[in-house]
2 protein chains.
Amino acid sequence: MSSAAQPPEAARARRPTLDAVAARAGVGRGTVSRVINGSPKVSAHSRAAVEQAIAELGYVPNRAARSLVTRRTDSVALVVPESETRLFSEPYFSAIIRGVSSGLSGAGMQLLLVLVRDESERARLATYLTEQRVDGVLMVAVHRDDTLPDLLDELAIPTVLAGRRGHPEPLGHVRADNGGGARAAVRHLLEGDRRTIATITGPLDMDVARARLDGYREALQTAGITVDEELIAVGDFTEEGGRAAMRELLRRRPHLDAVFAASDVTASGAVLELRAAGRRVPDDVAVIGFDDSIVARHTDPPLTSVRQPIEEMGRTMARLLLEEIAQRGKGHREVVLPTELVVRKSA
Amino acid sequence: MSSAAQPPEAARARRPTLDAVAARAGVGRGTVSRVINGSPKVSAHSRAAVEQAIAELGYVPNRAARSLVTRRTDSVALVVPESETRLFSEPYFSAIIRGVSSGLSGAGMQLLLVLVRDESERARLATYLTEQRVDGVLMVAVHRDDTLPDLLDELAIPTVLAGRRGHPEPLGHVRADNGGGARAAVRHLLEGDRRTIATITGPLDMDVARARLDGYREALQTAGITVDEELIAVGDFTEEGGRAAMRELLRRRPHLDAVFAASDVTASGAVLELRAAGRRVPDDVAVIGFDDSIVARHTDPPLTSVRQPIEEMGRTMARLLLEEIAQRGKGHREVVLPTELVVRKSA
DNA sequence: GCTACCCGTGGGACCGCTCCCACGCGGCAT
DNA sequence: ATGCCGCGTGGGAGCGGTCCCACGGGTAGC
């Protein structure tokens with residue numbers, strides 16, 4: 001058991017192999033392999049002998065060897081643009097990881113986390129992913145012009161995206177009902193008798209941002225209100241972007257009485273800017289964010305926000321990917337999860 | 001190039017092997033291997049031929065095969081207790097990952113993310129880690145009684161911890177100067193003429209929490225102030241814990257005029273509770289947090305907080321681990337990185 | 001009593017790479 | 001010319017599994 005007594009320079013103690021187990025159990029390699037892989041065609045007697053030998057030797061199968069012959073790695077990659085780990089306010093990043101991890105762990109799959117720093121690294125990434133290191137790929141924050149998903153499609157590597165690039169989206173993906181969330185937010189503002197409702201969007205090359213903007217438009221139209229394009233400002237999901245957009249909106253339409261922001265961080269920037277301009281929130285201007293992140297609970301006033309079931313999205317992504325790996329091309333390729341309006345003080 | 005034309009049921013196109021490259025380049029396997037691994041003992045002519053063949057075939061080495069013979073996997077695991085992904089306020093979790101990822105990527109190492117849900121999973125984890133799937137292990141949020149590090153030590157798997165379990169800590173680790181940060185915070189409060197300074201700690205089975213508490217004590221003693229044990233309340237790094245601790249402190253010492261909290265989230269809970277008790281922050285009671293997380297910037301008032309260089313901690317962990325993997329037992333085993341007090345409005 | 005079948009089993013042939021040994025060949029000293 | 005050295009090189013052996021084929025022995029069917 002203890003290799004601690006060995007001199008530090010010694011090679012790491014070599015672990016027992018399948019052969020060793022077979023020898024100790026007095027059976028052949030094939031039988032040991034069958035026991036390990038749960039084959040039913042093993043006598044109770046042999047099975048017991050093998051299991052005891054495994055326990056005595058502390059045998060653990062070598063993944064590389066198995067992987068070499070089965071051509072599976074039992075691991076999947078989660079690809080995240082590095083910039084997103086900064087931008088995404090909590091709990092997005094960790095919640096996705098938690099969901100993915102929990103969806104995977106039951107299947108004995110390992111999670112390879114790949115942060116992509118910049119374009120030059122994308123090329124290297126493509127190499128990694130073809131190195132037969134992973135059985136499938138999960139991607140978050142895919143942009144409309146992202147080419148990596150196409151490459152994965154072409155290489156026939158099972159892939160599931162968080163969100164879609166456009167529609168139709170040929171690859172499997174999971175997304176929140178962004179449009180529905182946006183509609184609920186705007187409806188809530190209308191019910192609070194707000195009439196001049198502005199919106200600060202995310203980058204419009206991302207489908208989430210577009211879908212939230214569309215929801216905003218639809219809710220207004222449903223209420224019989226003509227959309228005033230001057231009430232729409234493009235942001236980038238950051239606080240600073242939110243401030244800039246808010247300044248611009250105030251300049252264009254000083255008398256607006258509500259803002260629907262495409263993220264909490266953006267909303268918090270908007271709140272700061274509104275206050276700087278002497279407006280009270282929510283008395284003069286109501287504000288609603290998106291994500292229900294930790295920021296929403298800690299701003300002043302706490303933000304009303306649209307919550308996405310992020311952890312469940314991660315779990316669902318994992319499930320879709322496992323299905324796709326198990327049986328190429330089967331399973332439904334698109335899942336939309338519901339959003340929920342969390343009402344706090346800002347609207 | 002295109003396997004897209006094949007029927008979906010077809011096995012994934014088998015990738016070219018080293019043999020194929022050798023045949024195409026008109027050389028032996030050995031020579032191709034040498035080129036790939038950058039051996040100098042290859043003639044310019046052969047090297048060129050091999051490189052061309054690799055490019056033409058789109059050859060990518062198979063990791064499993066290499067791994068099987070070299071007994072290296074070129075990947076390391078980052079082990080995170082799942083509860084921590086919830087508790088750690090941003091930016092800790094993602095910043096550590098970013099740092100680790102950047103420290104690793106240069107060395108061509110891959111990052112395996114392992115969330116540990118509960119004790120039962122720890123056992124499975126131990127199995128994973130001995131499966132020869134990783135060359136080393138990084139761990140965050142190690143508790144004092146955590147046995148996994150000992151196991152890793154015994155198995156002679158290179159390991160680096162974020163923070164230490166106690167001291168001395170036999171394993172390599174990286175930590176922030178928690179004591180120094182705490183001292184700086186308390187000194188700042190003293191300079192603001194606060195005299196009745198309370199503290200809300202983290203769970204005392206974690207070294208970070210202990211070190212911050214020690215720093216608090218030292219700063220007071222240095223200033224010639226006797227530590228009043230009634231001004232010390234134990235929290236758990238959560239907001240609710242912060243609120244409960246603050247209530248207790250107000251009960252014990254109603255006239256306290258400052259609080260040093262061991263985390264921003266705790267501090268934000270304390271602020272809420274202070275306000276509920278009719279105290280103004282910072283006028284009546286000054287508050288300082290720890291972490292300089294996104295929460296600190298968004299509370300009202302924005303929190304003065306102690307910043308840790310988290311991303312750099314991650315990078316340093318990766319560096320230490322790579323050193324340890326390259327040459328067992330060499331390299332210095334302990335790195336302490338400086339903290340910095342970020343002054344905002346709360347103190 | 002002989003053939004047919006099935007079940008459990010052992011072990012050979014690989015998977016794709018690295019390691020290392022042996023070999024050929026040109027250049028230099030003898 | 002002969003011997004020696006060293007450089008580049010080819011290819012056998014193995015890493016530790018899985019897959020699959022062939023085989024032995026029991027049971028059932030005729």
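In the text below, chain A, chain B and the rest are named by the order of the sequence lines, each starting its count at 1.
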Enquirer: What is the distance, rounded to the nearest whole Å, between atom CZ of A:Arg72 and atom P of D:dG16?
Expert: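 To the nearest whole Å, that distance equals 20 Å.
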
Enquirer: Quick one, B:Val32 and B:Val27 - any side-chain contact, counting heavy atoms below 4.5 Å?
Expert: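 Of all side-chain heavy-atom pairs linking B:Val27 with B:Val32, at least one is under 4.5 Å.
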
Enquirer: Tell me whether the side-chain N or O atoms of B:Arg63 pair up with the base of C:dG16 as donor and acceptor below 3.5 Å, since no angle test is needed here.
Expert: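 By the distance-only test, no, there is no pair.
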
Enquirer: On DNA chain C, nearest-nucleotide positions of B:Leu18 versus A:Val42: which is more 5'?
Expert: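 The residue closer to the strand's 5' end, by nearest nucleotide, is A:Val42.
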
Enquirer: Would you state whether a donor and an acceptor, one from the side chain of A:Arg71 and one from the base of C:dG16, lie under 3.5 Å apart?
Expert: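 Per atom types, no contact qualifies.
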
Enquirer: To the nearest angstrom, how far is B:Arg66 atom CZ from D:dG17 atom C1'?
Expert: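 It is 20 Å, rounded to the nearest whole Å.
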
Enquirer: Relative to the 5' end of DNA chain C, which residue comes earlier, A:Gly30 or A:Pro40, by the nucleotide with the nearest heavy atom?
Expert: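 Closest to the 5' end, via its nearest nucleotide, is A:Pro40.
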
Enquirer: Where each residue is assigned the nucleotide of DNA chain D containing its nearest heavy atom, which of A:Arg34 and A:Asp19 is assigned the position nearer the 5′ end?
Expert: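 Looking at DNA chain D, the more 5' nearest nucleotide goes with A:Asp19.
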
Enquirer: Let's see if you can work this out: which of C:dC17, C:dG10, C:dG8 has an atom nearest to the side-chain heavy atoms of A:Thr31?
Expert: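 Closest of the options to the side chain of A:Thr31: C:dG10.
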
Enquirer: Which nucleotide in the set C:dA13, C:dG16, D:dT9 lies at the smallest distance from any side-chain heavy atom of A:Arg29?
Expert: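 Among the listed nucleotides, the one closest to the side chain of A:Arg29 is C:dA13.
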
Enquirer: With a 3.5 Å cut-off and no angle check, do the side chains of A:Ser43 and A:Ser46 form a donor-acceptor pair?
Expert: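 A donor-acceptor contact under 3.5 Å links the two side chains.
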
Enquirer: Roughly how many Å is it from CZ in B:Arg15 to P in C:dC15, rounded to a whole number?
Expert: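 Distance, rounded to whole Å: 17 Å.
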
Enquirer: Looking at A:Leu320, A:Thr316, A:Leu161, which one forms a side chain to side chain contact (heavy atoms under 4.5 Å, CB included) with A:His173?
Expert: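 Exactly one option meets the side chain to side chain contact (heavy atoms under 4.5 Å, CB included) with A:His173, and it is A:Leu161.
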
Enquirer: With heavy-atom distances below 4.5 Å as the criterion, would you say the side chains of A:Leu111 and A:Val76 are in contact?
Expert: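 A side-chain contact exists here, since the closest heavy-atom pair is under 4.5 Å.
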
Enquirer: Could you state the atom-to-atom distance from NZ of A:Lys41 to C1' of C:dC7 in whole Å?
Expert: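 Answer to the nearest Å: 7 Å.
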
Enquirer: Distance check: side-chain N/O of B:Ser33 vs OP1/OP2 of C:dT18, anything under 4.0 Å?
Expert: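 Yes, within the criterion.
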
Enquirer: From the list D:dG8, D:dC15, D:dG17, which nucleotide is the closest neighbour of the side chain of B:Val69?
Expert: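 Given the options D:dG8, D:dC15, D:dG17, the side chain of B:Val69 is closest to D:dC15.
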
Enquirer: Kindly indicate whether the side chain of A:Gln110, heavy atoms from C-beta on, has any atom under 4.5 Å from the side chain of A:Asp74.
Expert: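 Contact flag for A:Gln110/A:Asp74 side chains = no.
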
Enquirer: Which is true for B:Asn37 with a 4.0 Å heavy-atom rule: it touches a base, it touches only sugar-phosphate, or it touches nothing?
Expert: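 Touches sugar-phosphate only.
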
Enquirer: How close or far is atom P of D:dG17 from atom CD1 of A:Ile36, stated in whole angstroms?
Expert: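 Between P of D:dG17 and CD1 of A:Ile36: 7 Å.
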
Enquirer: Would you mind telling me which of D:dC19, D:dG17, C:dC17 lies closest to the side-chain atoms of A:Thr70?
Expert: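 Per side-chain heavy atoms of A:Thr70, the pick is D:dC19.
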
Enquirer: Rounded to whole angstrom units, what separation is found between the CG atom of A:Leu68 and the C1' atom of D:dG16?
Expert: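 Taking atom C1' of D:dG16 as the reference, CG of A:Leu68 is at 9 Å.
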
